[in-house]
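First listed ligand is number 1; within each ligand, the first listed atom is number 1. Scope of the values below: all heavy atoms of this structure, side chains included, with no hydrogens, waters or symmetry mates.
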Amino acid sequence: MVQVEPITTARVLRGPFDYLRPDGVEVGARLVVPFGHRDVVGVVTGLASESAHELVAPRRVIEPSLPVELVDLAFWMAREYCSTPARALSLLMPPPGMRAKTALYARATGTEAAVNERQAELLASLPRFCGPDTAALRRLEARGLALLSPRVVRRAPQHLEVGATRRSPPALTTPQQMAVDAVLAAAPGEQLLLHGVTGSGKTEVYLRAAAEVLDRGQTVMVLVPEIGLTPQIVSRFLDRFGDTVAVLHSKLSAGERYDEWLRLRTGEARICVGPRSAVLAPMTDLGLVVVDEEHDASYKHEGDPRYDARLVAERRAHAGVLLAGSATPRPESVHRLPRLRLLERVDGRPLPPVEIVDMRDAGRLFHPRTHEALVDSRKAIVLLNRRGWSNFLTCRSCGRAWECPNCDVTLVLHRAQGGLSCHHCGHNEGVPARCDACGSVSIGRHGTGTERLADELSAGHVVLRLDADTRDPAAVLARFGAADRAVLVGTQMVAKGHDFPDVDLGVVVDADSTLRFPDFRAEERTFALVAQLAGRAGRGAGGGRVLVQTLDPDAAAIRHAAHHDSDGFLAGELERRELLRYPPFSTLIRVVCSSEASGAADAAATAVRSRLGAGAMGPAPLFRLRGRERSQVVVKAADRAAAITQVGTAVDEVAALRDHRAASFSVDVDPQ
Ligand code: ADP
Ligand code: ZN
Ligand code: ZN
């Protein structure tokens, strides 16, 4: 018999369930099984010789199976993130209902003379895939002159073209060579941090190490933050390695994604490049797992299980080498991992000078110095971490603020879309003409977002905008790259790993906006944002400069970033974290209880809190989201494994109580 985990999302329904074992079925097999009153897809997680129940047979087997390694991974994810094996397995499955696409392929079996001219031509053109003239080929087949057989054809990702020019790789700089050597000499299971300034050639190190690992017969996984924003790294892998690269990302159609998954599963593709979810690719024998821009917050998954791809990557690399890279690595990684350094840019150019612009008495959006720099600049990147036109609207007569009906937050005006929208739940409504409360038509618009900023700048420049409202980020980036003079305005998206040689100015409009977040990672985020933006400027012969406007010019994160001093920042930050017992000196676990029923979230959080020891904090109310009240409990623990078990048990117990049936629970280990 086989033990099967049905893929359902119910927290209470936990497998495994026993079924008869179809011939040849092993752990990892995907099956359709009768479950309750319906048929569901399940995964075989174990084999056993006998069962106490009378067993039924699965309906059918779905090919191909999952590698056993992924079944183990699902169980680990379920434990590590207080979820269920079924939920973890659901993330590891290929797109449902898909199968490989086949086409008829024709091959000549003889060159008999007894064919007419057209048929002879057709025969001479073989072998090939049958196109529209299948009928003619069928006739040849009937006469024994051609053989038609189905073959799998790949639905290749449309928008990713393998470069025609396979340039030979550049000679490595000495620090790059040392880094590559260290990666290749590392023992299985070792983890390394490649800490290299922006433009120091980290990607070339990944490429070279990957080539060698492939030569050894092993496979390679490369994780990147967001493919839409960093298409350059994908094309560099495609250019270097061609079809052996599978690209997994959200823009693929289900068919394309299935085919890439299948190519990885069968070993036809031996490198996988993709964002967070690519860490779950069905690969075996990984010799190298690269996590590029390892500081990036997008590695954390927001659905259940709330996995962190960086931690999952460590697990996947258990028999290979994990290589995390960044110009602004996380304090956690610096604390834990041996470091390889690239201290200079490849071209030997200095990092651009960064000036801190004190805005405390500027009283407007741009300081005169910034204004002047923008006028002088050829290509500038301007970062403002708020999208939309203005942050909130108020009635000038009665003071009413426009809020989301579902969430306790103000609505943001998006002028081009002609509406107000909630950045948390997506609620949209029209721009108000008058106040509902008092009827006044005098409505104030407060604050500035990227849309308004772009509009203001458009008086003197060609302005391109890049934020979550941008439909095609890759197109905007391509236009910016090709432009002669332009300003790129946007949220943190503009600070990602873009490599434009002619950017001569970087501006951070409001550097302390991220610093004001009530989060222990606020410092780290601010440092990374400023340092990464600085990294976009001055990559070419023209040099460049960076201006950082702030209300808090003495903040350590901003000062260190201005001096390109990541060591200084990291040392201070680790000291602070140790003092306050924040990660990496503890593990944080967050439990969020939510409910539509008034008071239920708080009651549930109180019940969870009462089951946890002295390390727990809360319950603390959070703002209402999507019509649900929320309340959270946070645990700061020295013993990670014990705390995960304890929190998981507490939540399961409370969730099972009748009193708390109205509440939902979400557990977040290592919250971001
Ligand atoms: P990083 O990832 O550290 O920001 P990149 O790998 O993008 O840096 O390298 C920056 C630029 O330098 C790229 O255009 C890359 O092609 C080029 N480059 C990298 N290594 C070398 C090298 N050894 N010789 C010449 N050019 C290089
Ligand atoms: Zn009013
Ligand atoms: Zn909302």
Side-chain angles (χ1 to χ4, degrees), residues 163 165 167-180 194-210 222 224-225 230-237 239-240 290-296 323-329 340-349 351 392-412 420-429 432-444 481 495-502 531-532 534-540 623-628 630:
T165 51
R167 266 166 291 149
S168 52
L172 295 179
T173 63
T174 308
Q176 281 177 320
Q177 187 65 58
M178 285 167 65
V180 171
L194 180 61
H195 183 182
V197 299
T198 50
S200 59
K202 295 185 286 296
T203 310
E204 193 57 45
V205 171
Y206 307 151
L207 288 161
R208 230 38 101 73
V222 182
V224 298
T230 46
Q232 282 165 342
I233 183 163
V234 179
S235 48
R236 280 169 76 181
F237 272 86
D239 287 350
R240 189 76 52 94
V290 172
V291 183
D292 187 32
E293 310 289 6
E294 70 98 35
H295 61 277
D296 200 280
L323 179 61
S326 176
T328 54
L340 311 168
R341 302 297 299 262
L342 301 175
L343 295 166
E344 284 172 14
R345 285 184 164 179
V346 170
D347 51 18
R349 292 209 176 81
L351 289 161
F392 64 103
L393 306 184
T394 58
C395 168
R396 291 196 207 276
S397 307
C398 74
R400 169 184 186 252
W402 269 260
E403 289 191 348
C404 176
N406 314 318
C407 314
D408 292 334
V409 297
T410 53
L411 294 170
V412 178
L420 305 182
S421 79
C422 172
H423 286 184
H424 294 272
C425 73
H427 166 85
N428 286 303
E429 56 186 73
R434 57 180 66 241
C435 172
D436 288 343
C438 74
S440 164
V441 292
S442 173
I443 294 168
K496 304 276 165 172
H498 319 301
D499 185 16
F500 299 115
D502 47 358
Q532 290 288 345
R536 301 312 119 216
R539 285 182 169 231
F623 70 84
R624 196 170 54 101
L625 178 68
R626 295 188 179 89
R628 303 176 71 87
R630 299 182 305 152

Exercise. Is any N or O atom of Gly201, backbone or side chain, closer than 3.5 Å to an N or O atom of ligand 1?
Worked result: yes
Problem set entry | Contacting atoms of ligand 1, where contact means under 4.0 angstrom from a heavy atom of Leu172 | 23 (N)
Exercise. Would you call Asp347 and Arg345 a salt bridge, using N to O less than 4.0 angstrom?
Worked result: no
Seminar exercise, completed: d(Arg396 CZ, Cys435 SG) to nearest 0.5 Å is 12.5 Å
Problem set entry | His424/Asn406 under side-chain contact (heavy atoms from CB on, under 4.5 Å): CA gap, chis, key distance, verdict | CA-CA 9 Å; His424 294 272; Asn406 314 318; over 6 Å; no
For this session: Could you tell me which atoms of ligand 1, counted from 1 in the order shown, lie closer than 4.0 angstrom to a heavy atom of Asp499?
Result: 11 (C), 13 (C), 14 (O)
For this session: Rounded to the nearest 10 degrees, what's the angle SG of Cys438 makes with SG of Cys435 at the Zn ion (ligand 2)? Could you check?
Result: 110°
Seminar exercise, completed: When rounded to the nearest 0.5 Å, the distance separating OG of Ser200 from CD of Glu344 is 10.0 Å
For this session: State the atoms of ligand 1, each with its element, that fall below the 4.0 Å cut-off from a heavy-atom position in Arg539.
Result: 4 (O)
Problem set entry | atom 2 (O) of ligand 1: the protein heavy-atom neighbour that sits closest, reported with distance to 0.1 Å | Thr203 OG1, 3.1 Å
Exercise. What distance do Cys404 atom SG and Glu429 atom CD have between them, rounded to the nearest 0.5 Å?
Worked result: 8.0 Å
For this session: Identify, for atom 20 (N) of ligand 1, the protein heavy atom at the shortest distance, and state residue, atom and that distance.
Result: Gln176 NE2, 3.0 Å
Exercise. Distance from Ile233 atom CD1 to Asp292 atom CG, nearest 0.5 Å?
Worked result: 4.0 Å
Problem set entry | Thr173 neighbourhood, listing ligand 1 atoms whose heavy-atom distance to it stays under 4.0 Å | 23 (N)
Seminar exercise, completed: Cys422 SG to Cys407 SG via the Zn ion (ligand 3), rounded to 10°, gives 110°
Exercise. Can a non-hydrogen atom of Gly199 be found less than 4.0 Å from any atom of ligand 1?
Worked result: yes
For this session: Salt-bridge test for Glu204 and Arg240: reply yes if a basic N is under 4.0 Å from a carboxylate O, no otherwise.
Result: yes
Exercise. Which value, rounded to the nearest 0.5 Å, describes the distance between Gln232 atom CD and Asp239 atom CG?
Worked result: 11.5 Å
For this session: Provide the number and element of each atom of ligand 1 under 4.0 Å from a heavy atom of Ala171.
Result: 22 (C), 23 (N), 24 (N)
For this session: Step by step, work out the side-chain hydrogen bond (donor to acceptor under 3.5 Å, both in side chains) result for Gln532 and Arg536.
Result: CA-CA 7 Å; Gln532 290 288 345; Arg536 301 312 119 216; 2.8 Å; yes
For this session: Report yes if Pro170 has an N/O atom closer than 3.5 Å to an N/O atom of ligand 1; otherwise report no.
Result: no
Exercise. Looking at atom 18 (N) of ligand 1, what's its closest protein heavy atom, distance included?
Worked result: Val346 CG1, 3.9 Å
Problem set entry | At the Zn ion (ligand 2): angle between Cys395 atom SG and Cys398 atom SG, to 10 degrees | 110°
Exercise. Do you see an N/O/S atom of His423, backbone or side chain, under 2.8 Å from the Zn ion (ligand 3)?
Worked result: no
For this session: Could you tell me the residue and atom name of the protein heavy atom closest to atom 16 (O) of ligand 1, and the distance to it rounded to 0.1 Å?
Result: Arg236 NH2, 3.6 Å
Exercise. Got a second to check how far Cys422's SG is from Glu403's CD, nearest 0.5 Å?
Worked result: 10.0 Å
